[in-house]
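To start, the structure under review is shown below, and the notes come after it.
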Number of protein chains: 2
Amino acid sequence: MVIDMNLSIESPLKRPDAPSIPQPSLRRLPQYHHYLVDLEAKGIGRVSCSTIGRDLNLVPIQVRKDLQYTGIIGKPKTGYSVTELILTIETFLGWNNVNEAFLVGAGNLGTALLGHERFSKFGLQIVAAFDSDPQKAGIWIHNKAVLPLDKLADLAQRMSIHLGIITAPAENAQTIADEMVKGGIQAIWNFAPVKLNVPAHIIVHNEDLYSSLASLSWKLARRFRVPIQEREAV
Amino acid sequence: MVIDMNLSIESPLKRPDAPSIPQPSLRRLPQYHHYLVDLEAKGIGRVSCSTIGRDLNLVPIQVRKDLQYTGIIGKPKTGYSVTELILTIETFLGWNNVNEAFLVGAGNLGTALLGHERFSKFGLQIVAAFDSDPQKAGIWIHNKAVLPLDKLADLAQRMSIHLGIITAPAENAQTIADEMVKGGIQAIWNFAPVKLNVPAHIIVHNEDLYSSLASLSWKLARRFRVPIQEREAV
DNA sequence: TAGATTGTTAATCGATTAACAATC
DNA sequence: TAGATTGTTAATCGATTAACAATC
């Protein structure tokens, strides 16, 4: 569910030697990871691309290509070491060096993310929440303090927080992003359905549920619209 | 943030005449919609691809291509009618014929989605929630009843619900999906980070936050790892 | 050794971008 | 009319898939 429109702006200075990986491959890695952790729990030591592909509904060659981006080396005939593969993926994705993050927008979605303990397994640690509504400042949600927005920039700087999460309404998102940039935040995970205007060096990742819903509802609507024998395409 | 791994299985029976649109275009449509609604509120009657592109950070030709999939017809020199474009996108995406949905998993994320009133503007109406934990059955969240999971299949059938949303933990997702299929649900919006095994005709849309987080944290980790002059690629 | 599976290079496919004629 | 912008067809670019040699 996710389109990162900021990605469409490519630098003309592309260098072939810089480490690179296609977006789709990057996004499949956590799925492999999840699957491999399951395998390891079952005591399985080695796995091949064909097995992974069968279980995850992907063609083996795609699995192999994806895994190769992480730098893992397999053994012909026996495949990859499950444990080694798990560690390689985790290291590759930077899940070892924890990202401490600030979250802004203590509404329904913000509350959900604050309570989502599993994020810590993926290298994400939400250390505090903020809200532009002064009424909300001072309360605690899932053991995390909710602070007024105007404290964000200063605190982010002092704590060297590099990641910001926006779960506020669309109207406030730009103001919040500005504060984050002011505080030296490098990457923004944006759940508000708007395009943020930020300096070019800031990484923005849009998590637009509406995009996703659009795609789903189009397919569903189409099902009741299109004659059955024409449904196969797309 | 979204990868639909089920999409990778293409039918060999592809017919060129069947209506079709690239996934990325489909996902950009809600963004155009959001932008256009803003324009309309400002009293702007017509808009060109270059203007949209400038404001949304996309190249004009891409905007034009995307809009053409909806069937809209513009006027050379003056562009498109804003109002007409909004309506065309809404119709195209099926936001007029409301999708009634069941949600399963009344945890943090489920609660957030149940409380998200704006979904109704995008044709989504969550009519009831379910949970496999019998303790949760009977409570109300954001004015929606939480029912035991074993009532789902029967109710879905009787109410002809076609859309199911899974916000339960990964462990329960498959069982829930099975119930949904049993109840005649056609499309599943899956927030659990697992691949669901469902019959081929069921539309599955995976909303995997971990995929998204992976991509973001890789980029962030990379920033602190890669020398500045090599950062430009990707 | 034979067979399975990896690693790598080439071919295909689909989305994006470019080019240009048509039209207001 | 001239210029801007659409609509359409062709070229490019990147991700996926195929082919095949290398290796355990």
Side-chain angles (χ1 to χ4, degrees), chain A residues 3-12 14-16 18 20-29 32 45-54 56-82 84-85 88 211 215 233-234, chain B residues 3-16 18-29 32 45-54 56-82 84-85 88 211 215 233-234:
Chain A
I3 292 288
D4 187 340
M5 298 184 90
N6 291 60
L7 280 179
S8 49
I9 313 150
E10 281 284 336
S11 161
K14 205 162 215 181
R15 288 175 45 158
S20 181
I21 174 176
Q23 279 296 303
S25 300
L26 196 47
R27 290 168 163 274
R28 279 189 294 266
L29 288 178
Y32 299 130
R46 299 194 70 86
V47 69
S48 77
C49 291
S50 7
T51 310
I52 299 180
R54 174 172 46 74
L56 255 37
N57 244 339
L58 296 165
V59 288
I61 177 65
Q62 187 170 43
V63 177
R64 192 147 65 245
K65 259 280 154 80
D66 287 344
L67 297 183
Q68 273 172 359
Y69 289 115
T70 67
I72 186 85
I73 292 173
K75 268 213 193 75
K77 181 133 175 174
T78 57
Y80 304 88
S81 149
V82 173
E84 195 188 338
L85 200 39
T88 308
S211 282
S215 164
V234 168
Chain B
I3 292 287
D4 188 339
M5 298 185 87
N6 290 59
L7 280 180
S8 48
I9 313 151
E10 282 284 335
S11 161
L13 300 167
K14 205 163 217 185
R15 288 176 43 162
S20 180
I21 173 175
Q23 279 295 304
S25 299
L26 197 47
R27 290 168 161 274
R28 278 188 295 265
L29 288 179
Y32 298 132
R46 299 194 70 85
V47 69
S48 76
C49 291
S50 8
T51 310
I52 300 180
R54 174 172 46 74
L56 255 37
N57 243 340
L58 296 165
V59 288
I61 177 66
Q62 187 170 45
V63 177
R64 192 147 66 245
K65 260 280 153 78
D66 288 345
L67 297 185
Q68 272 172 0
Y69 290 115
T70 67
I72 185 86
I73 292 174
K75 269 214 194 72
K77 182 132 175 178
T78 57
Y80 303 88
S81 148
V82 173
E84 195 189 338
L85 201 39
T88 308
S211 282
S215 163
V234 169

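Being a predicted model, the structure only gives us computed values, none of them experimental. Order of the sequence lines fixes the chain letters, A, B, ..., with proteins taken first and strands second; residue numbering starts at 1 for each chain.
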- Report the distance from atom CZ of A/R28 to atom C1' of D/dT17, rounded to the nearest whole Å. 12 Å
- Indicate for each nucleotide in nucleotides 1-8 of chain D, in 5' to 3' sequence, whether protein heavy atoms under 4.0 Å reach the base (B), only the sugar-phosphate (S), or nothing (-). --B-BBBB
- Message: Within this structure, what is the CG-CG distance for the pair B/D66 and B/L56, rounded to the nearest 0.5 Å?
- Response: 10.5 Å
- Message: Wobble G-U and Watson-Crick pairs count when both distances are under 3.5 Å; given that, what is the 5' to 3' dot-bracket string of DNA chain C, with | for pairing to other strands?
- Response: ..||||||||||||||||||||||
- Are any non-hydrogen side-chain atoms of A/L58 and A/Y32 less than 4.5 angstrom apart? yes
- Query: Are any non-hydrogen side-chain atoms of B/S25 and B/R28 less than 4.5 angstrom apart?
  - Reply: yes
- Query: Between the side chain of A/S211 and the main-chain N/O of B/R27, is any donor-acceptor distance below 3.5 Å?
  - Reply: yes
- When rounded to the nearest 0.5 Å, the distance separating CD1 of A/I52 from CD of A/Q62 is 12.0 Å
- Calculate the interatomic distance between B/Q23 atom CD and D/dT16 atom C1'; express it in whole Å. 16 Å
- Message: Expressed as a whole number of angstroms, how long is the span from B/L58:CG to C/dA18:P?
- Response: 13 Å
- Query: Quick check: are there more than 12 heavy atoms from other residues, nucleotides or ligands sitting under 6.0 Å from CD1 of B/I61?
  - Reply: yes
- OG (B/S215) and CG (A/L29) are apart, to the nearest 0.5 Å, by 10.0 Å
- Message: If I take atom CG in residue A/L26 and atom P in nucleotide D/dT16, what distance separates them, rounded to the nearest angstrom?
- Response: 12 Å
- Task: Mind jotting down which residue pairs meet the side chain to side chain donor-acceptor pair (under 3.5 Å) criterion with at least one end in residues 68-78 of chain B? Sequence neighbours excluded, please.
- Result: B/R46-B/T78
